[in-house]
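Here the structure is laid out as structure tokens; the discussion comes afterwards.
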Amino acid sequence: MLRLAWRTLSGRRASWAASFVALVLALVMTTACAVLLESSTRAGSSAERYAAADVVVGGQPFVPRAEELRAVLDRLPSVERAVPELSFPTTAVDASGRTFEAPWDGPSLGHAWESAVLGPFTLRSGRAPAGDQEVVLDSALAERLDAGVGGTVRLSGADGLRSYRVSGIADPPRKPARQYAVFHTAREARRLADSAESVRALGVRAEDEADPAALRRQVEKAVDDLYGDDAGAVVVASGAGRADAEFWDVPSPASVLSSLVGTFGALSLFVAGFVVSGTLTLAVAGRLTEIGLLRAVAATKGQIRRMIAVEVLLVSVAAALLGVPGGIGVAALLHRLLVSGEVLPPSFPLAVGPVAPWATVGLAAVVAQLAAFAAARRASRVRPVEVLRESAAPAPRLGWRRVLLGVCVLAGAGACLGAVAAGRLDGGGGTAESMVLVLMVGVALLAPLICRVAGAVLLVPVRPLLPRDGALAVRNLLRQNVRLAATVTPLVLSVSLTGTLLCVPLVTSQGEERAERQRLVADHVVSAAGPGIGTGYAERAARLPGVAAASGQLSVGGELSRADSEDGDAAPLIGDSGDGDAAPLIGGSLVAMRAEAVPRLLDLGVRRGSLDRLDGTSVALGDSAAADLGVSVGDRVRVDWDDGGRDTYRVAAVYSRDRGFADALLPRASAARHAAAPLDDSVLVRTAPGADRGAVERQLRSLASDFPGARAGGGGGGTGNASGSGAAAGLFVLLLLTMINLFTAVSVVNTLSMATAGRRREFALLRLAGAQSAQVLRMLAWEALLTCAVALLLAVVVCGSVLVPLSIALTGSAVPALAGGPLTALAAGAPVLTVTTVTLAGLLALRSSAATPGGLAKAVS
């Protein structure tokens, strides 16, 4: 069988060339993804501030009862000392007002000098801070600021910009790659942290002869004994786990890369499977005559299938020899682009091990064999007497199982999209993009049938309007559904996937802007750039002339639950732990604002209760959160804060405009002391009646000079800020679409070239009937144009099926926002590509198909 497959493969090199190229490109794409994914799994994060700590007890974000735990740890026999690590966001500002953020989404944090020993940070020059107006800078930040000992540095904190004298510059053993550090006195650090719980971690340093493993067990036991059932609120880490405790709220470059590459790889594999399957199906379909003759000489169905399977295996092995090295090269190029785009740090390694290439080759071989089995299954059933009829005018009938599966897939996708339009299913989080893939599976299963219907609906009505060459092209397309489907499917996939990935963010952004316009009563929105806006900005803005109300929006971490006392009496309010049953429990998004300012700043679409009832002991809930908790106005809910605290509130209102805002609106007075960072996400300001809005805005801009994280603007502006991870996602989407469209373009060229080259007999018959070469070429050009028209219209249907329900759900409009430029370029490029390919392939085919009996005999053979 191997010898027969090799002989057949050698004799039909042209028919397998397209499949070979498709497999090579598929291997390039999947290998590149696999290498990057393997690199992300091998690249571990190193501890920086905690490098000298043998064990770290970390809180997320705070360590509850930190002083008690410190005293317990200090008494352990193997512990030299336990050092509290207090930290808070801070941003350095130079004389020109330029801020200095840490690279690659890392934190820029202030600390108490006593925690410098956990690095250990040792003074290169100068001395430790002796007063509250002195700081020690890490050497990397000092270099960026061009600051020296005795100089002055301006730091932005919760109360705005403050000037500090640089008393020293400190070096850690290894230069921090993901953060900047500023060290204050312990008293100033506690003031700037401005939290009920300010200790983020406790670093435990062991005695010289202590066993690290035994020390960790002692620390874990001490934590369990102190916290009991609440021991899960802290994490005990040693070794490589110290980095996870240090950067618990900051995604590492490896995690960002792995999440993006996972999506990238899944889509690449999906596209590659589609293209390879279509190419192999067309290659096998072009060999029906040969397969029929083999059946005529007593070849069994199993032998035919095994022959094709071995041929595909040989092609896969040959493709791997080129695809795997090419994929490694593409991975190196992508790695370089991500580093130059500051998505990855220069120190991030590209790991090329044996796992990724072998896994990719195995996966590609499985996909190719499955596609070959599907194609060979039908080809092996061809009867010898039907060879000429099948090869001349194939009119395959789809099996009822395939039709049923395709209909079920499309019906399931339609049900999900209907739920999105009705608001019963969230269209975000990749749902819309996933629906495109599901729809494409259904389209691929029913492609010949869909193309037949599309041809009858779209092509037949325009046939009378076309010239003779165009009418002949319509006739050919209607009779060759398999060939039409093989070309249309990758084009539909490319255009629909590109359109969805480009337009879904636009629709989502449009929906967020619409929701914010409906929600905002404030005249001005001050958005945050960097880690946030100091809380002092809102306090000072509220005192400006012409301002009726102002409040910051502070995100806090916690979980909501229904608070019912066991005896049915009223549950205790703020500050009481409330040991009643709590079910269910949801981890909602929580926002804190000044309760008295909320009614004048926001219109939340209150359904029950009133925002005027908000005070220090009450909360407003979104519709979804209230339904999940089973509460209404007057009921009580409990908030289990991330710092270990617990408060109980009475529900004062239930609002409907919670999309993109918050599940719960809490009073700032009680919630702020539990916030992980004392920085507002945005500040809302309402102008007093009769006051000059322009004058208020100028005052807000002037005030922003003392708060570098503030960006003053008009109402309706966005409150978010672009992050490095967002830039990474945008760059990866761009790379993804570029590779997918290049891959699809090459696959379309392969498919059209193979299909056109296989029509030599048809061209010879046309020439014998008196057609000129120019007429044949014009017919082919019309076929290419009409094929693109069918593909683009089907792509519009697929994209519209996803974008319209999403737009209805998010914006209330059935007309989604579109990325007109890229989509227009793609729609214009498809006809150019197909017409050029078909014309060149037709010229080559016509040269070998002279309209003579000998030429016809050669074409037939």
Practice problem: Test Val235 against Val57 for side-chain contact (heavy atoms from CB on, under 4.5 Å), laying out the working first. | Solution: CA-CA 6 Å; Val235 175; Val57 181; over 6 Å; no

Practice problem: Show the numbers, then the answer: is there a side-chain contact (heavy atoms from CB on, under 4.5 Å) between Val204 and Val56? | Solution: CA-CA 6 Å; Val204 180; Val56 174; over 6 Å; no

Exercise. Apply the test side-chain contact (heavy atoms from CB on, under 4.5 Å) to residues Val136 and Ser167: give CA-CA distance (whole Å), side-chain angles for both, the deciding distance (0.1 Å), then the verdict.
Key: CA-CA 6 Å; Val136 171; Ser167 66; 3.6 Å; yes

Practice problem: Report the C-alpha distance between Ser670 and Tyr649 in whole Å, list the side-chain angles of each, state the deciding distance to 0.1 Å, and finish with yes or no for side-chain contact (heavy atoms from CB on, under 4.5 Å). | Solution: CA-CA 10 Å; Ser670 60; Tyr649 298 90; 2.7 Å; yes

Exercise. Determine, step by step, whether Glu85 and Arg200 satisfy the salt bridge (Lys or Arg N to Asp or Glu O under 4.0 Å) criterion, reporting the C-alpha distance in whole Å, the side-chain angles of both residues, the deciding distance to 0.1 Å, and the verdict.
Key: CA-CA 6 Å; Glu85 203 279 321; Arg200 299 297 182 100; over 6 Å; no

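We find the CG-OG distance between Leu604 and Ser656 to be 8.0 Å, quoted to the nearest 0.5 Å. How far CG of Leu601 is from CD of Gln553: 8.5 Å, rounded to the nearest 0.5 Å. Here the CG-OG distance, from Asp663 to Ser624, works out to 7.0 Å after rounding to the nearest 0.5 Å. Note that CZ of Arg638 is 4.0 Å distant from CZ of Arg646, once rounded to the nearest 0.5 Å. Between the NE2 atom in His674 and the CG atom in Leu666 there is a gap of 10.0 Å [rounded to 0.5 Å]. Thr508 contributes atom OG1, which lies 6.5 Å from atom CD of Glu512 (distance to the nearest 0.5 angstrom).
Looking at every heavy atom in both residues, Arg165 comes nearest to Arg127 through NH1-NH2, 3.6 Å. Pairing each heavy atom of Ala522 with each of Arg686, the nearest pair is CA-CD, 4.3 Å. In plain terms, the two heavy atoms of Pro173 and Pro120 that are nearest each other are CD-O, 3.1 Å. Closest of all the heavy-atom pairs between Pro84 and Leu202 is CA-CD2, 3.4 Å. Of all heavy-atom pairs spanning Val234 and Pro64, the tightest one is CG1-CD, 3.8 Å. Taking all atoms of both residues into account, the shortest heavy-atom contact from Asp615 to Pro667 is O-CB, 3.4 Å.
Comment: Arg519 does not engage Glu516 in a salt bridge, judged by the lack of any side-chain N to carboxylate O separation of less than 4.0 angstrom. Note on Asp132 versus Arg162: no salt bridge recorded, every NZ/NE/NH1/NH2 to OD/OE distance being 4.0 Å or above. Here Arg701 pairs with Glu697 in a salt bridge; the nearest charged N to carboxylate O distance falls below 4.0 Å.
At least one donor-acceptor pair closer than 3.5 Å links the side chain of Asp138 to the backbone N or O of Ala140. Remark: side-chain polar atoms of Ser551 are paired, donor with acceptor, to backbone N or O of Arg594 under 3.5 angstrom. Between the side chain of Arg711 and the main chain of Val526, no donor-acceptor pair closer than 3.5 Å is present. For Arg70 (side chain) and Ala82 (main-chain N/O), a donor-acceptor pair under 3.5 Å exists by modelled atom type. In this structure, Ser115 contributes its side chain and Ala112 its backbone to a donor-acceptor pair below 3.5 Å. A donor-acceptor pair under 3.5 Å is formed between the side chain of Arg242 and the backbone N or O of Ala51.
The environment of CD in Gln518 is crowded: more than 12 heavy-atom neighbours from other residues, nucleotides or ligands sit within 6.0 Å. Residue Arg187 places its CZ atom among 12 or fewer non-hydrogen atoms of other residues, nucleotides or ligands, all under 6.0 Å distant.
Counting only heavy atoms from C-beta outward, the side chains of Thr648 and Val637 never approach each other to under 4.5 Å. Side-chain atoms of Leu700 and Tyr537, non-hydrogen and from C-beta on, do get closer than 4.5 Å to each other. Looking at heavy atoms from C-beta onward, Asp623 lies out of side-chain contact with Arg657 at the 4.5 angstrom threshold. Contact of the Leu161 side chain with the Leu155 side chain is not registered, since no non-hydrogen atoms from C-beta on lie closer than 4.5 Å. With a 4.5 Å cut-off on side-chain heavy atoms, Arg540 and Asp706 count as touching. Side-chain contact between Thr811 and Gln510 is present, with heavy atoms from C-beta onward closer than 4.5 Å. Residues Ser139 and Arg124 are in side-chain contact: their nearest non-hydrogen atoms beyond the backbone lie under 4.5 Å apart. Between Arg668 and Thr535 the shortest side-chain heavy-atom distance falls below 4.5 Å.
Remark: the Asp523 side chain and the Thr687 side chain contain an N/O donor-acceptor pair separated by less than 3.5 Å. Looking at Tyr227 and Arg65, their side chains never bring a donor and an acceptor atom within 3.5 Å of each other. Side-chain contact, Gln133 with Glu188: no donor N or O sits under 3.5 Å from an acceptor N or O.
Cation-pi check for Arg144 over Tyr180 is not met; the charged atom does not lie both under 6.0 angstrom from the ring centroid and within 45 degrees of its normal.
Residues Tyr164 and His184 place their aromatic rings such that the two centres sit under 6.0 Å apart.
The aromatic rings of Trp113 and Phe183 sit perpendicular, their planes meeting at an angle over 60°, well past the 30° parallel limit.
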